[in-house]
Amino acid sequence: MSIPLLYLSPIICGENWALDEKTEIELQAAAYRRLRDHLRKRTDVQNIDLMNLGGFCRNCLSKWYLEAARTRGVELTERESRKAFYGMPYEEWKERYHKEATPDQMAAFELADGDGE
């Protein structure tokens, strides 16, 4: 299990330079938003492709968002966390952009150890 970057504060960059925790969290949040926005634009990239190549997908990211909310006492449903990540209700995104996985994609998924953890 890998340790989330949030718990590595302050991160050491180079020999004598460190980020304060607030700045590090702001940078992580900005990177997350950019990834989220990038994946919203790249609707041609299917979740199965992300799982096969990276071991995580949009659904994983929305689940991690939900988990983070819950650990901080924020009441959020899975539906709400998916909408926060997809930018629309998940059902709508699926209807607009989801394509059924090909047999090759499913075979690669079965071989991969990408469970989003």
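Numbers here simply count residues along the sequence, with the first being 1. All of these numbers come straight from a predicted model, not from anything done at the bench.
Of the possible donor and acceptor atoms, one in the side chain of S81 sits under 3.5 Å from a partner among the backbone N and O of S62. A donor-acceptor distance shorter than 3.5 angstrom exists from the side chain of R40 to the backbone of F85, with no hydrogens or angles considered. In this structure a side-chain-to-backbone donor-acceptor pair under 3.5 Å is missing from E92 to P89.
Under a hydrophobic-cluster definition in which Ile, Leu, Val, Met, Phe, Trp and Tyr are linked whenever side-chain heavy atoms come within less than 4.5 Å, directly or via other members, L66 and L61 are assigned to the same cluster. Y97 and Y90 fall within the same hydrophobic cluster, defined by Ile, Leu, Val, Met, Phe, Trp and Tyr side-chain heavy atoms under 4.5 Å apart, directly or through other members. One hydrophobic cluster, built from ILVMFWY side chains closer than 4.5 Å, holds both W64 and L76. Residues F56 and Y32 share a hydrophobic cluster, clusters being chains of Ile/Leu/Val/Met/Phe/Trp/Tyr side chains in contact below 4.5 Å. Note on L50 and L35: same hydrophobic cluster, where clusters join Ile, Leu, Val, Met, Phe, Trp and Tyr whose side-chain heavy atoms are under 4.5 Å apart, directly or indirectly.
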**Message:** Before you tell me yes or no, could you show the steps for R82 and N59 under side chain to side chain contact (heavy atoms under 4.5 Å, CB included), namely the whole-Å CA-CA distance, both residues' side-chain angles and the distance that decides it to 0.1 Å?
**Reply:** CA-CA 7 Å; R82 281 187 172 185; N59 291 332; 3.6 Å; yes
**Message:** Assess the residue pair E100 and H98 against the criterion (side chain to side chain contact (heavy atoms under 4.5 Å, CB included)); give the C-alpha distance rounded to whole Å, side-chain angles, the decisive distance to 0.1 Å, and a yes or no.
**Reply:** CA-CA 7 Å; E100 289 300 317; H98 176 76; 3.7 Å; yes
**Asked** Can V45 and R58 be said to form a side chain to side chain contact (heavy atoms under 4.5 Å, CB included), step by step?
**Response** CA-CA 10 Å; V45 178; R58 292 171 181 88; 4.3 Å; yes
**Request:** Before giving the answer on side chain to side chain contact (heavy atoms under 4.5 Å, CB included), spell out for K83 and R79 the whole-Å C-alpha distance, their side-chain angles and the decisive distance to 0.1 Å.
**Result:** CA-CA 6 Å; K83 185 175 181 180; R79 184 182 192 110; 5.9 Å; no
**Asked** What's the verdict on salt bridge (charged side-chain N to carboxylate O under 4.0 Å, His left out) for K22 and E26, showing C-alpha distance, side-chain angles and the deciding distance?
**Response** CA-CA 6 Å; K22 181 181 181 296; E26 290 169 355; 2.3 Å; yes
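Contact detail for F109 and M51: the closest heavy-atom pair is CE1-CE, 3.8 Å. Counting all heavy atoms, side chain and backbone alike, R70 lies closest to E78 at NH2-N, 4.5 Å. For the pair T102 and Q105, the tightest heavy-atom approach, listed with the atom from each and the gap, is N-OE1, 2.7 Å. The heavy-atom pair separating K99 from Q46 by the smallest distance is N-OE1, 2.8 Å.
To the nearest 0.5 Å, atoms CD (E91) and CZ (R96) are separated by 13.0 Å. Taking SG of C57 as the reference point, atom NZ of K63 lies at 7.5 Å (rounded to 0.5 Å).
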